[in-house]
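One structure below.
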Amino acid sequence: MCRIVGAPRTLLPLLAALLQASVEASGEIALCKTGFPEDVYSAVLSQDVHEGQPLLNVKFSNCNGKRKVQYESSEPADFKVDEDGMVYAVRSFPLSSEHAKFLIYARDKDTQEKWQVAVKLSLKPTLPEDSLKESKEIEEIVFPRQLLKHNGHLQRQKRDWVIPPINLPENSRGPFPQELVRIRSDRDKNLSLRYSVTGPGADQPPTGIFIINPISGQLSVTKPLDRELIARFHLRAHAVDINGNQVENPIDIVINVIDMNDNRPEFLHQVWNGTVPEGSKPGTYVMTVTAIDDDDPNTLNGMLRYRILSQAPSTPSPNMFTINNETGDIITVAAGLDREKVQQYMLIIQATDTEGSPTYGLSNTATAVITVTDVNDNPPEFTAMSFYGEVPENRVDVIVANLTVTDKDQPHTQAWNALYRISGGDPTGRFAIQTDPNSNDGLVTVVKPIDFETNRMFVLTVAAENQVPLAKGIQHPPQSTATVSVTVIDVNENPYFAPNPKIIRQEEGLHAGTMLTTFTAQDPDRYMPQNIRYTKLSDPANWLKIDPVNGQITTIAVLDRESPNVKNNIYNATFLASDNGIPPMSGTGTLQIYLLDINDNAPQVLPQEAETCETPDPNSINITALDYDIDPNAGPFAFDLPLSPVAIKRNWTITRLNGDFAQLNLKIKFLEAGIYEVPIIITDSGNPPKSNISVLRVKVCQCDSNGDCTDVDRIVGAGLGTGAIIAILLCIIILLILVLMFVVWMKRRDKERQAKQLLIDPEDDVRDNILKYDEEGGGEEDQDYDLSQLQQPDTVEPDAIKPVGIRRLDERPIHAEPQYPVRSAAPHPGDIGDFINEGLKAADNDPTAPPYDSLLVFDYEGSGSTAGSLSSLNSSSSGGEQDYDYLNDWGPRFKKLADMYGGGDD
């Protein structure tokens, strides 16, 4: 028969872990008497006192059950008593004689009646026998027996009780390994058995937490457990013989990790944000805060409670909000939320486990920020009861007044934004009010022109209200009203023609000087008498004139309906009317003259050129008439050939097809190829009719079988028109001019290239001819001049010493020496004129002299000359009084000098 050895009993290690101490209390039951049933409560502790350790429970007899009792300790710094009478340690301390005894008081909250009882604590001594006793008291788990049936098979007997799970507290302080249970088989008396355990925590991850003595079967835990990691372990115990043969069926062992309060509550957010409308009634939901605790939610360690620690600001009440201690819902409990006074509240929320116990619970805090949202509880109010503005007449989109309002609601919200409307004083809708989105001001704007002569002032009644209606219960009126006085300023307005445009009907062909009509303008300024003058602004054909005073329009040319300036029989002319106001204004008017047609245009043949064959068949020429007049002065037309010259009617015949078309054919059997001009008489249907002889140029050519002129015959027989001949001549003339200009330009360029080194424009060069001299003198420092060097420069550098064929361009060629006059070494100043004249004549007759105003080539002589620049030479003060006109008589060499010093224009 299968059985389990051992009776179930309370595990001492389990109780020690849960209570942290073994407490022994004694008491006797007495008759019901209000107060403590014992005079002294005693407790024996197995270890030192730890913070939060339950010590003992004191009982208070409340016979009628109506008393509300509050417990107090005589040593509140070390001990405290909960409402149920459980005594806890406030702090950790070693138990000594000074802590061995203290008093506990019970006070009636209503009557203030007071009772007391003494508590005595003692430390339980640790003896070797106790350890042995505890080891002997470790529970044994025995494998159930197996019985052999008649058929020879073993069958496990049903258990008469289920092995209860082992409860082991987390975070145990040891010592480790800590024995839990002993597993034993009743067959260990006859066999040598080995015990083992398997499963997570033993031989599976996390391994090594639980171990078993293979000989004695003692199951132990090796380290502290953490319920938040693994809350339950499932192990299986095995018993085998020394050969490894299974002697017992495995049994299941369940180890529950008992939760300890080792985790604080944690809020999901450190800062919570919520909103509540201002003016909300008490009980209005605001927001929900949530905290979580990793401890077991089914125990006190994971049961959270919420409360509000503080509120800032504390106006108008320090308790404007409350919180549901279980759900964390925050609601309002007081009225008076006003955004205009307090825009935001900050609450410190605390979450505490162990159902909010301030003594044993762990807590944490978070911040709840509650923003009071705005509702429309303040209507807009005008800052003044009356506003004023002015506007010039006939002006639109002009701001005439700026309406200002105040609103205590939150700016730039629908409860703050103002809407303006005109409730009176503007029956024609000439004004509108727009809201400035930044300042919330109302801008009174003119949307329709205002005439000063009609209305000089407007008094508008305006109202302002918010975009959303006022909240319920607000005592203020929903809108504010004010008046706006708008003064209209008179300005000089434009004269206007009436009617505009003005339409008149006249026959074409009116002679110059005919008065057509009077076109006058009106001045709308009744309170500004002014004069209006008229001028012509647009007259495309220059047919009209207008009297500047009375506006009479007279023709100055013949009106022609067929003019290109007439569109659809209508001629448009524009006139300007200007007043003499300040500032002067003007207006335009259009005169439309509808011209009636008269028969003033003779018809013309169309087309003006045609082709036909030398024989009458198979071709004929279809013609029509072109008449610039319109019905009834146009078609139908009559076509005929003139009597002279006689050859026309002899060679040609014309047949009228209808009122607009006729057909021209050869009358003879053959007409030589060529160009013929055939006059045709065309008469229109006007009254009186108008006739015209129009010439048709006919090209007679040889034709093929299809009736088309052949190419050669076409070229031979066809002549060039006048326009083509003129175009060809113009092209030839332009081409000749271009060729001539190119030849002239080429010759001029060659000439300039040859004379570039020797000749310059005498108008551009003011320098005299300079000859090359090897000796230049010492400048101002050398006052001894040898004029012979100037008279005969070749004496200084003979040509004989120069190489043959090498000569500068500005040097004269080798010829007979000219006879230049020789001046004495000390000439008289009066002889200088004669000397220059004689030298000039000799130079003019000298074939070896260089050309007039030639450009001479000089070598660079370097710097450092003691002579100054010629540009620094100044004429004497008396030079402006001299007459230099006589220099013009000395030849072209001195003409430029005479112009420079004689004051010539050049």
Side-chain angles (χ1 to χ4, degrees), residues 1-24 46 54 133-147 155-174 176-188 193 195-204 206 209-214 216-239 246-261 295-302:
M1 177 178 180
C2 296
R3 64 183 178 87
I4 299 177
V5 180
R9 57 183 177 272
T10 304
L11 298 177
L12 291 179
L14 176 61
L15 293 178
L18 292 174
L19 298 178
Q20 302 282 330
S22 177
V23 180
E24 297 178 357
S46 59
K133 182 179 179 179
E134 289 181 1
S135 63
K136 292 180 180 180
E137 291 179 354
I138 295 177
E139 185 178 4
E140 289 185 354
I141 298 178
V142 181
F143 286 92
R145 288 185 178 179
Q146 296 178 345
L147 295 180
Q155 184 178 8
R156 181 178 176 181
Q157 184 183 8
K158 294 184 179 179
R159 299 176 182 177
D160 54 355
W161 60 283
V162 179
I163 299 175
I166 301 173
N167 296 322
L168 185 62
E170 65 173 336
N171 303 324
S172 176
R173 297 186 179 181
F176 296 102
Q178 180 180 349
E179 296 180 350
L180 301 180
V181 294
R182 180 176 293 115
I183 300 174
R184 190 179 65 82
S185 173
D186 55 2
R187 302 184 63 181
D188 59 354
L193 302 181
Y195 300 97
S196 63
V197 290
T198 59
D203 62 340
Q204 299 177 17
I209 296 179
F210 300 98
I211 60 175
I212 189 170
N213 190 316
S216 63
Q218 181 67 48
L219 179 65
S220 305
V221 60
T222 61
K223 61 177 70 174
L225 303 181
D226 189 354
R227 190 203 67 85
E228 285 71 39
L229 295 179
I230 302 177
R232 175 176 293 184
F233 293 91
H234 295 269
L235 303 179
R236 175 164 287 193
H238 306 271
Q246 178 178 325
V247 296
E248 299 284 359
N249 289 329
I251 59 174
D252 295 328
I253 300 175
V254 177
I255 301 175
N256 292 328
V257 182
I258 305 302
D259 182 49
M260 302 295 289
N261 193 13
D295 292 324
D296 189 355
N298 299 319
T299 64
L300 292 178
N301 300 331

| said: Under a 3.5 Å threshold, yes or no: a donor from one side chain and an acceptor from the other, between Ser185 and Glu248? | reply: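 Side chains of Ser185 and Glu248: pair found under 3.5 Å.
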| field | Donor on one side chain, acceptor on other, Asp296 and Asn301, under 3.5 Å | value |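 Checked: Asp296/Asn301 side chains show no N/O donor-acceptor pair below 3.5 Å.
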Are side-chain heavy atoms of [X] and [Y] found at a separation under 4.5 Å?
X	Y	result
Glu170	Glu228	yes
Phe233	Val197	no
Arg236	Ile251	no

Hey, what do you get for [atom1] ([X]) to [atom2] ([Y]), rounding to the nearest 0.5 Å?
X	Y	atom1	atom2	value
Ile212	Ser196	CD1	OG	7.0 Å
Asp259	Asp226	CG	CG	9.0 Å
Leu235	Leu180	CG	CG	9.5 Å

| message | With side chain to side chain contact (heavy atoms under 4.5 Å, CB included) as the test, pick out the partner of Phe210 among Ile255, Asp203, Ile253. | response |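 The residue from Ile255, Asp203, Ile253 that satisfies side chain to side chain contact (heavy atoms under 4.5 Å, CB included) with Phe210 turns out to be Ile255.
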| said: Quick one: does any side-chain atom of Arg187 pair with a main-chain N or O of Val247 as donor and acceptor, under 3.5 Å? | reply: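 Judged by distance alone, yes, a pair lies under 3.5 Å.
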| message | Checking the side chain of Thr222 only, and the main-chain atoms of Ile209 only, is there a donor and an acceptor separated by less than 3.5 Å? | response |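 Yes; at least one donor-acceptor contact below 3.5 Å.
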| message | Please find the pair of heavy atoms, one from Val181 and one from Gln218, that lie closest to each other, and give the distance. | response |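 Distance-wise, the nearest heavy atoms are O-NE2, 3.2 Å.
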| field | Under the side-chain hydrogen bond (donor to acceptor under 3.5 Å, both in side chains) test, residues paired with Ser216 that sit two or more places apart | value |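 Testing Ser216 for side-chain hydrogen bond (donor to acceptor under 3.5 Å, both in side chains), a comparison that skips the adjacent residues, returns Asn213.
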| request: Could you give me the CA-CA distance, side-chain angles and deciding distance for Ser220 and Glu179, then say whether side chain to side chain contact (heavy atoms under 4.5 Å, CB included) is met? | output: CA-CA 4 Å; Ser220 305; Glu179 296 180 350; 3.7 Å; yes
| Who are the side chain to side chain contact (heavy atoms under 4.5 Å, CB included) partners of Pro224, not counting sequence neighbours? |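 Listed in chain order: Phe176.
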| request: Using the side chain to side chain contact (heavy atoms under 4.5 Å, CB included) rule, take Leu168 and Val257 through it: C-alpha gap first, then chi angles, then the decisive distance, then the call. | output: CA-CA 5 Å; Leu168 185 62; Val257 182; 5.7 Å; no
